[in-house]
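Here is the structure we will look at, set down as C-alpha cells.
Throughout, residue positions are numbered sequentially from 1 according to the sequence presented. For the numbers below, each heavy atom of this structure counts, side chains included, while hydrogens, waters and symmetry mates do not.
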Amino acid sequence: VFGLSSVAQVVLGKEDFGQHLSINLAFGIGVTLGIHAAGGISGAHLNAAITLTYCLLGNLPWRKLPAYLIGQFLGSFMAAATVYGIYYEALYEYTKGNFTVMGPTATASIFCTYPAPHVSLVGGFFTEFMATTMLLLGILIIHDEKNNAALKGTQALLTGILVLGIGLGMGLNTGYAINPSRDLPPRIFTAIAGWGMDVFRAGHYWWWVPLTAPILGSLAGVLIHKLFIDFHNQPVPESGNEKGQTVVESS
C-alpha cells in the first residue's frame with residue numbers, strides 16, 4: 001500500500017506531490033513495517049523469490065511454501081485494490097476514463113513494473129537479477145550472527161534502507177520489482193480492473209521477467225555470501241576471544 005500509493009501520487013499528481021525519491025522512501029517504509037508486522041509470526045516472508053530460495057536451501061519446510069505464497073499474493077493483490085480505491089477519482093480525472101498501459105497518460109505502471117523504453121529484455125533481466133542479488137546479499141549480511149550482524153531490533157529498519165538503496169541506484173531500467181509477489185498480483189488486478197491483457201503484452205511480454213529474474217538473483221546472492229563471507233567466518237571461541245586471535249592454554 002505504501003509503495004503503490006506513492007507511485008500513484010507521483011504519476012497522478014504530475015510530480016507536484018512527490019518524485020522518484022518519495023517512491024523509494026515509501027517502499028522502504030513499507031518493507032520495514034511489513035517486517036515488524038510479520039517478523040515474529042513467520043519471519044516476515046514478503047518476497048516469493050526469497051521464500052522459494054529458503055525452501056531450496058532447507059531453511060524453510062516445503063509444506064509452508066503454498067501458505068506463504070498465497071499470503072503474499074493476497075496481500076499484494078489487496079494492496080493494488082486499495083490504492084485503486086483511494087485514487088479512483090484521480091485515475092479517471094487523469095485518464096478521462098481511458099486506462100492504458102503505454103502512452104502519455106499511461107497508468108498501469110502505478111501498480112506493477114514495466115521496462116523503460118531504452119531497455120531490452122536481456123538488459124531488464126540482468127537489472128532485476130543483479131538488484132535481487134544485492135537484496136539477498138544485504139539481508140544475509142544484516143542477519144549474519146557469525147559475522148557482524150545488525151543490532152537486535154534494527155534488522156527491519158536496515159532492510160527497509162537496503163530496499164531504499166536498491167531503488168535509488170537500480171530503479172531506472174525496470175522499476176526494481178525484485179519480488180514476484182510485488183509484481184504479478186497487481187498486474188493481474190490491473191488486467192481485471194480495466195487495463196486489459198495489454199498488461200501482459202507490454203514491453204515485449206515483460207511480465208515473466210519479474211517472476212524469474214528475482215529467483216535466480218536470490219540464489220546468486222546466497223552463493224556469493226556463502227563463497228566470500230560465510231565460508232571464511234570462524235566461530236567465536238567459548239572463552240570469548242575475538243575471531244582470529246590465537247587461544248593459548250597455560251598449564
Side-chain angles (χ1 to χ4, degrees), residues 1-8 23-24 26-86 108-114 128-129 131-140 142-143 155-156 159-160 162-164 166-167 174-193 199-200 206-222:
V1 170
F2 278 101
L4 299 187
S5 62
S6 69
V7 182
I23 296 173
N24 301 148
F27 271 107
I29 292 169
V31 167
T32 297
L33 292 177
I35 294 172
H36 276 297
I41 300 170
S42 67
H45 280 261
L46 311 177
N47 188 324
I50 297 177
T51 301
L52 179 59
T53 298
Y54 277 33
C55 286
L56 291 171
L57 294 175
N59 296 336
L60 182 71
W62 282 97
R63 60 182 172 79
K64 292 187 177 182
L65 180 64
Y68 283 14
L69 294 185
I70 291 171
Q72 293 163 9
F73 183 98
L74 291 177
S76 190
F77 187 91
M78 291 306 299
T82 300
V83 172
Y84 178 81
I86 292 172
S109 61
I110 290 173
F111 300 92
C112 50
T113 65
Y114 295 89
E128 287 294 320
F129 172 84
T132 315
T133 298
M134 297 305 296
L135 174 67
L136 233 295
L137 187 57
I139 289 173
L140 292 173
I142 289 169
H143 292 87
Q155 296 94 332
T159 305
L162 170 63
V163 172
L164 167 63
I166 291 171
T174 63
Y176 71 111
I178 59 176
N179 181 358
S181 303
R182 172 264 178 274
D183 198 80
L184 182 60
R187 194 178 300 274
I188 294 174
F189 174 81
T190 52
I192 298 170
V199 299
F200 293 100
W206 165 258
W207 69 272
W208 64 270
V209 175
L211 299 185
T212 56
I215 294 173
L216 296 177
S218 181
L219 292 170
V222 171

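Using a distance-only test at 3.5 Å, with no hydrogens or angles considered, no donor-acceptor pair links the side chain of D183 to the main chain of L211. T32 places a side-chain N or O within donor-acceptor distance of the main-chain N or O of A156, the cut-off being under 3.5 Å. Without hydrogens or angle criteria, R187 side chain to V199 main chain gives a donor-acceptor distance under 3.5 Å. Between the E128 side chain and the A177 main chain, a donor and an acceptor come within less than 3.5 Å of each other.
The stretch residues 66-86 participates, sequence neighbours left out, in these side-chain hydrogen bond (donor to acceptor under 3.5 Å, both in side chains) pairs: T51-Q72, Q72-S181.
For the atom pair CZ of F27 and OH of Y176, the computed distance is 5.5 Å after rounding to the nearest 0.5 Å. The distance from atom OG1 of T212 to atom CH2 of W207, rounded to the nearest 0.5 Å, is 9.0 Å. Interatomic distance, OG of S42 versus CG of L60, reported as 9.0 Å (0.5 Å rounding). In this structure, L57 CG and L219 CG are separated by 7.0 Å, a value rounded to the nearest 0.5 Å. Once rounded to the nearest 0.5 Å, the distance linking CG of L136 with OH of Y54 reads 6.5 Å. The CD1 atom of I139 lies 7.0 Å from the CD1 atom of I35; values are rounded to the nearest 0.5 Å.
When all heavy atoms of T113 and G175 are compared, the closest pair comes out as CG2-O, 3.9 Å. In this structure, S6 and I23 approach most closely via the heavy-atom pair OG-CA, 3.5 Å. Summarising the geometry of A8 relative to V83, their closest heavy-atom pair is CB-CG1, 4.1 Å, with the distance given to 0.1 Å.
Residues satisfying the ring-ring contact (aromatic ring centres under 6.0 Å, His included) criterion with F111, sequence neighbours excluded, are W195.
Side-chain contact between T174 and Y114 is absent, with no heavy-atom pair separated by less than 4.5 Å. Looking at R182 and L4, their side chains come closer than 4.5 Å, going by heavy atoms from C-beta outward. Residues T53 and V222 have side chains in contact (heavy-atom distance under 4.5 Å, counting atoms from C-beta outward). Between F189 and L184 the shortest side-chain heavy-atom distance does not fall below 4.5 Å. M134 places none of its side-chain heavy atoms less than 4.5 Å from the side chain of L162. Side-chain atoms of N179 and P214, non-hydrogen and from C-beta on, never get closer than 4.5 Å to each other. Side-chain contact between L135 and N47 is present, with heavy atoms from C-beta onward closer than 4.5 Å. For the pair V31 and T159, the minimum side-chain heavy-atom distance is below 4.5 Å.
Around atom CZ of F2, no more than 12 heavy atoms belonging to other residues, nucleotides or ligands sit under 6.0 Å away.
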